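Heads up, the thing below is written out as structure tokens.
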Amino acid sequence: MKDYLAARLRAVLSDLKGVPDGFEPELETPAAPEHGDLATNTALRLAGPLGDSPRAVAEDLAERLRADVDPERVASVEVAGPGFINFRFAEMHLQRGLEEILAAGSGYGRTDDHAGETALVEYVSANPTGPLTVGHGRNAVLGDAIANLLAHTGYDVTREYYFNDAGRQMRVLGQSVKARYEALAAETRGEPAPTKTLDGAEGESVEVPASFPDEGYQGAYVTDIARALFDEHGDALPSEEGVEPFQKKAEEVLFAEIEQTLGRLGVDGGIRMDSFFNEQTLYDDGRVWEVLDALREAGYVYDEEGATWMETTRTGKEKDTVLVKSSGEPTYRLPDIAYHADKFERGFDRMVDVFGADHIATYPDVLSALEILGYDPGKVDVSIYQFVTLVRGGEPVKMSTRRATYVTLDDLIDEVGRAVLRVDDASGEDVSDEEISDEEITRAGADIVRFFFLMRSPSSHLEFDLDLAKEASDKNPVYYLQYAHTRIASILRKADEVGVAFSDAPDLSLLTHEAEQALIKELLRFPDAVRQAADAREPHRVATYLRDVAQAFTQFYAHCHIIGEERDLATARMHLAKATQVVLRNGLVDILGISAPERM
RNA sequence: GUCCCCGUAGCUCAGUGGACAGAGCAGUGGCCUCCUAAGCCGCGCGUCGCAGGUUCGACUCCUGCCGGGGACGCCA
């Protein structure tokens with residue numbers, strides 16, 4: 001409808017003299033229902049250029065539009081306030097819209113705005129140095145939902161995970177595992193293992209093997225990996241030579257864990273990446289050096305103090321940036337540039353990077369380097385999200401990966417899932433009436449975790465209130481949406497039992513109640529809501545929208561019955577309920593990645 | 001010091017330059033012989049951090065300041 005009215009406005013405006021070139025009419029859904037179903041500010045914006053008062057321009061435009069517009073779609077065109085033009089939908093438009101929703105089914109909400117275009121969404125991208133934490137969770141869920149949104153606007157989407165298994169971090173991890181392994185081997189031989197003390201969590205001291213790196217990873221998982229190696233190989237692994245076998249085993253174990261965690265974090269197999277891109281390949285095939293040469297040829301690179309620098313002062317930064325250290329080893333920025341160049345070479349029309357706020361200072365370098373290399377940085381969107389604070393009992397939980405004071409995503413899913421299903425945390429015993437499986441805990445936990453990550457704007461610091469998340473009550477906002485879906489499922493089951501059936505030709509004109517009309521209008525906004533969320537890369541807009549849908553539905557539910565009503569009315573209302581279910585399901589499952597249960 | 005994000009109801013947060021600023025929770029008052037009350041209907045709740053500016057119109061854009069968080073490395 002928005003598109004239709006925008007087209008009619010453009011047509012009417014083309015008859016007028018003095019309209020600025022490239023003028024695009026704007027249409028919005030007014031906050032107050034008495035201002036109609038859609039409104040435009042066109043007259044206000046054109047009053048100046050046309051040299052007339054806004055009211056007069058509005059009256060003129062409204063007059064022309066009334067003659068132009070299809071009366072089966074638009075019931076009224078009125079001028080109001082300082083010069084707004086308010087449109088009211090015709091009943092026939094609502095009926096047809098409802099039919100379209102039901103006909104489209106799981107395809108409703110999708111548009112072909114970007115049909116034929118490809119997009120790459122890069123997210124998670126955590127190096128395998130430990131389990132995924134709550135912080136990674138926001139990245140993973142946000143990236144996944146953004147990828148879903150882009151797919152809904154027609155993009156052919158590739159989901160990619162970028163990692164580096166050859167850098168300093170991984171070497172330190174390998175050393176950490178090796179130290180634990182050697183201590184384990186010594187202990188088994190009954191030899192004393194020398195130890196030393198490091199700073200651990202919250203100012204406490206931690207005793208570690210003497211060979212443990214000062215910057216080593218203190219998490220228990222490191223010892224688990226060492227133990228696994230010891231169980232496999234005994235103390236046969238060379239203790240004097242390199243860390244390769246330890247690093248390799250750690251990577252293998254941790255990557256398997258990461259994939260498993262991602263697999264839990266969503267409906268239908270969870271988050272599944274299409275591709276894992278190893279930074280190391282950029283070294284192996286020399287691409288890193290090709291990029292450096294190209295930047296040098298373009299005149300943006302110089303050598304000083306044994307290091308190689310990029311003149312980022314020429315691209316708007318305070319300082320120049322080191323690309324290659326005096327050790328001959330590139331900083332991470334150079335492979336980042338090469339990686340993005342590779343994305344361009346693969347021919348994507350649109351590239352989205354989902355990064356935490358700590359990357360905010362680095363990506364401008366990558367974008368300006370790309371521009372220097374002749375790529376269009378406008379094709380890259382960097383979606384920055386702010387950090388997550390986990391709040392338990394009103395107090396923030398402090399986290400550090402290295403010192404092992406993190407909360408893993410797995411633990412978060414488990415803790416929340418167990419709590420809402422009332423499985424006793426300590427014993428794992430069900431304290432509810434029914435047997436509860438691990439799958440159910442995962443689903444319940446993941447639904448809530450995903451929703452909490454997706455209900456806020458990415459630019460907003462996210463306060464994850466564990467106590468609220470663990471409440472299986474109306475306080476927990478995700479249930480409001482799921483409950484509306486469940487309720488519809490329940491009604492449709494019941495209606496079937498008493499013999500109210502869907503019809504090929506329902507009389508939808510019977511849906512005249514205020515609550516019915518409001519609900520239909522809400523449902524018809526879905527494609528536009530998806531489009532706006534996709535364009536902004538902001539999934540929380542879908543969550544906000546779905547809340548409005550659920551609310552419109554429960555109001556309809558409170559006022560309008562199905563069972564017990566006259567047959568034709570009952571049938572028409574069933575169709576409306578079904579259409580609502582379609583929207584809730586498509587939004588929850590296909591975009592937010594949250595389950596839409598049949599029963600609760 | 002420079003840069004980025006945030007500052008909206010008691011709390012957590014929505015709010016595409018528009019018409020009297022919204023939701024949930026918390027508070028409070030009603031509503032289950034009726035398709036799940038995980039619900040519905042009321043009530044109260046605001047110097048939209050402060051001060052300027054742009055605009056017919058600013059919570060929204062610009063500048064400055066104040067407060068909270070983060071980034072500024074030959075770490076990733």
Side-chain angles (χ1 to χ4, degrees), chain A residues 26-32 34-35 39-41 44-45 47-48 53-54 80-84 86 126-127 129 164 167-170 172 215 279 305-309 316-319 321-333 335-336 356-362 364 384-387 389 391 394 455-463 465 468 471-480 482-484 486-495 497-498 500 528 532 535-536 540-541 543-544 547-548 550-551 554-555 557-565 570 573-574 577 599-600:
Chain A
E26 291 170 13
L27 286 149
E28 63 174 9
T29 307
E34 59 268 29
H35 294 141
T40 183
N41 58 3
L44 291 156
R45 292 168 63 210
S53 78
F84 289 102
N86 296 334
N127 285 340
T129 56
N164 175 18
R168 191 184 140 274
Q169 286 185 354
M170 289 301 291
V172 172
E215 299 289 302
E279 178 182 322
E305 297 169 20
T308 304
W309 299 71
K317 292 232 323 191
E318 289 283 310
K319 289 184 260 185
T321 306
V322 172
L323 293 179
V324 184
K325 302 182 234 175
S326 49
S327 65
E329 206 181 352
T331 64
Y332 68 95
R333 229 163 277 223
D336 267 4
D358 52 342
H359 281 73
I360 203 148
T362 82
I384 298 276
Y385 61 91
Q386 299 298 314
F387 289 128
T389 310
V391 175
M455 70 182 181
R456 301 299 182 216
S457 155
S459 63
S460 171
H461 291 256
L462 178 67
E463 186 159 307
D465 185 339
L468 177 61
E471 279 221 42
S473 74
D474 54 350
K475 287 185 200 168
N476 199 328
V478 65
Y479 291 127
Y480 190 73
Q482 292 188 321
Y483 186 60
T486 301
R487 207 172 220 174
I488 295 168
S490 170
I491 293 171
L492 296 181
R493 277 197 303 272
K494 192 77 109 199
E497 283 170 23
V498 301
V500 181
D528 202 52
Q532 284 181 18
D535 290 348
H540 77 279
R541 293 170 188 242
T544 305
R547 214 212 147 271
D548 291 342
Q551 186 166 46
T554 48
Q555 281 164 1
Y557 171 85
H559 293 109
C560 307
H561 274 227
I562 290 177
I563 292 152
E565 294 292 337
R573 285 179 173 170
M574 269 185 81
R599 294 169 202 274
M600 284 174 77

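So that the names make sense, note that chain A is the first sequence line, chain B the second, and so on, each numbered from 1. All values derive from a computational prediction rather than experimental measurement.
- The gap from the P atom of B:A26 to that of B:U63 amounts to 41 Å, rounded to the nearest Å.
- The side chain of A:Arg487 approaches B:A37 more closely than any other nucleotide in the set B:A37, B:A76, B:C40.
- With B:G18, B:G70, B:C74 as the choices, the nucleotide that has an atom nearest any side-chain atom of A:Glu28 turns out to be B:G18.
- Picking from B:A37, B:A76, B:A19 the nucleotide with the shortest atom distance to the side chain of A:Glu279 gives B:A76.
- For the atom pair CG (A:Leu323) and CH2 (A:Trp309), the distance works out to 10.0 Å, reported to the nearest 0.5 Å.
- The nearest heavy atom of RNA chain B to A:His559 and to A:Gly167 marks one nucleotide each, and the one closer to the 5' end goes with A:His559.
- For B:A76, the base has a donor-acceptor partner in the side chain of A:Tyr332 [N/O atoms by modelled type, under 3.5 angstrom].
- By the side chain to side chain donor-acceptor pair (under 3.5 Å) test, A:Asp336 is found to be paired with no residue, residues two or more places apart in sequence or in another chain being considered.
- Scanning for ring-ring contact (aromatic ring centres under 6.0 Å, His included) contacts around A:His359 gives A:Phe355, with sequence neighbours left out.
- At the heavy-atom level, A:Tyr480 lies under 4.0 Å from the strands shown only through sugar-phosphate atoms.
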Nucleotide N/O to protein N/O under 3.5 Å, stretch nucleotides 56-62 of chain B:
none

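- The CD atom of A:Gln386 sits 10.0 Å away from atom CG of A:Asp358, with the distance rounded to the nearest 0.5 Å.
- To the nearest 0.5 angstrom, A:Met170 atom CE is 8.0 Å from A:Asn164 atom CG.
- Residue contacts shown for A:Asp548 are absent, as no nucleic acid heavy atom lies under 4.0 Å away.
- With rounding to the nearest 0.5 Å, the separation of CZ in A:Arg168 from OH in A:Tyr332 is 13.0 Å.
- B:C13 sits 15 Å from B:G69 when the P atoms are compared, rounded to a whole Å.
- Listed by chain and residue number, A:Glu538 satisfy the salt bridge (charged side-chain N to carboxylate O under 4.0 Å, His left out) test with A:Arg541 (two or more places apart in sequence, or in another chain).
- Across all strands shown, A:Ala47 has no heavy atoms under 4.0 Å from either base or sugar-phosphate atoms.
- Contact annotation for A:Asp336: no contact, since no heavy-atom pair falls under 4.0 Å across all strands.
- Residue contacts shown for A:Glu305 include a base, since a base heavy atom lies under 4.0 Å away.
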Write out a two-atom table: protein N or O, nucleotide N or O from nucleotides 24-33 of chain B, distance below 3.5 Å.
none

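- Within the structure, every side-chain polar atom (N or O) of A:Ser326 is placed at least 4.0 Å from both OP1 and OP2 of B:C74.
- Residues meeting the side chain to side chain donor-acceptor pair (under 3.5 Å) test with A:Thr308, sequence neighbours left out: A:Asp303.
- Contact annotation for A:Thr29: base contact, defined as any heavy-atom pair under 4.0 Å involving a base atom.
- Applying the side chain to side chain donor-acceptor pair (under 3.5 Å) rule to A:Asn127 yields the partners A:Gln169; only residues at least two apart in sequence or on another chain are considered.
- The side chain of A:Thr331 lies closest to B:C74, out of B:C4, B:U36, B:C74.
- Atom C1' of B:G46 sits at a distance of 25 Å from the matching atom of B:U55, rounded to the whole Å.
- Atom pair A:Gln532:CD and B:U16:C1' shows a separation of 6 Å (rounding to whole Å applied).
- For A:Thr362 and A:Phe84, each mapped to the nucleotide of RNA chain B holding its nearest heavy atom, the one lying further toward the 5' end belongs to A:Phe84.
- Contacts of A:Ser490 with the nucleic acid, taken as non-hydrogen atoms under 4.0 Å apart, include base atoms.
- Its glycosidic angle being within 90° of 0, B:C32 falls on the syn side.
- Going from atom CZ of A:Arg573 over to atom P of B:C35 covers 15 Å, rounded to whole Å.
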Pairs under 3.5 angstrom, nitrogen or oxygen only, protein versus nucleotides 10-14 of chain B, please.
| unit_1 | atom_1 | unit_2 | atom_2 | d |
| --- | --- | --- | --- | --- |
| B:U12 | O2' | A:Arg456 | NH2 | 3.0 |
| B:C13 | OP1 | A:His461 | O | 3.1 |
| B:C13 | OP1 | A:Glu463 | N | 3.4 |
| B:C13 | O2' | A:Arg456 | NH1 | 2.6 |
| B:A14 | OP1 | A:Ser457 | N | 2.8 |

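- The phosphate of B:A37 has OP1 or OP2 within less than 4.0 Å of a side-chain N or O from A:Tyr557.
- A:Glu565 has its CD atom 15 Å from the P atom of B:C34, to the nearest Å.
- Annotation: B:C43 and B:A38 have their C1' atoms spaced 24 Å apart (nearest Å).
- Within 4.0 Å (heavy atoms only), A:Glu34 reaches at least one base atom of the nucleic acid.
- As rounded to the nearest Å, B:C45 and B:G57 have C1' atoms that lie 28 Å from one another.
- In this entry the distance linking NZ of A:Lys494 with P of B:C35 reads 7 Å, nearest Å.
- As a whole-Å value, the separation of A:Ile360 CD1 from B:C4 P is 8 Å.
- In RNA chain B, the stems built from three or more successive Watson-Crick or G-U pairs (distances below 3.5 Å) are B:1-7 with B:66-72, B:10-13 with B:22-25, B:27-31 with B:39-43, B:49-53 with B:61-65.
- B:C61 sits 10 Å from B:G7 when the P atoms are compared, rounded to a whole Å.
- Here B:A76 presents its P atom at 10 Å from CZ of A:Arg333, a figure rounded to the nearest Å.
- Under the rule for a side chain to side chain donor-acceptor pair (under 3.5 Å), A:Glu329 has no partner lying at least two apart in sequence or in another chain.
- Judged as a ring-ring contact (aromatic ring centres under 6.0 Å, His included), and not counting sequence neighbours, A:His561 has no contacts.
- OP1 or OP2 of B:G73 sits under 4.0 Å from a side-chain N or O of A:Lys319.
- Scored by the salt bridge (charged side-chain N to carboxylate O under 4.0 Å, His left out) test, A:Glu26 finds A:Arg45 as partners (sequence neighbours excluded).
- In this structure, A:Met600 atom CE and B:U36 atom C1' are separated by 10 Å, rounded to whole Å.
- Rounded to whole Å, the C1' atom of B:C72 lies 32 Å from the corresponding atom of B:A14.
- A:Ala32 comes within 4.0 angstrom of a base, heavy atoms only.
- Using modelled atom types, one finds no donor on one side chain facing an acceptor on the other under 3.5 Å when comparing A:Thr554 with A:Tyr483.
- Applying the 4.0 Å criterion to OP1 and OP2 of B:G73, one finds that A:Lys325 has every side-chain N and O outside that range.
- When distances run from any side-chain atom of A:Phe387 to the nucleotides B:A19, B:G70, B:C40, the shortest one goes to B:G70.
- Comparing the P positions of B:C34 and B:U28 gives an interatomic distance of 29 Å, to the nearest angstrom.
- The distance between atom CG of A:Leu323 and atom C1' of B:A76, rounded to the nearest whole Å, is 15 Å.
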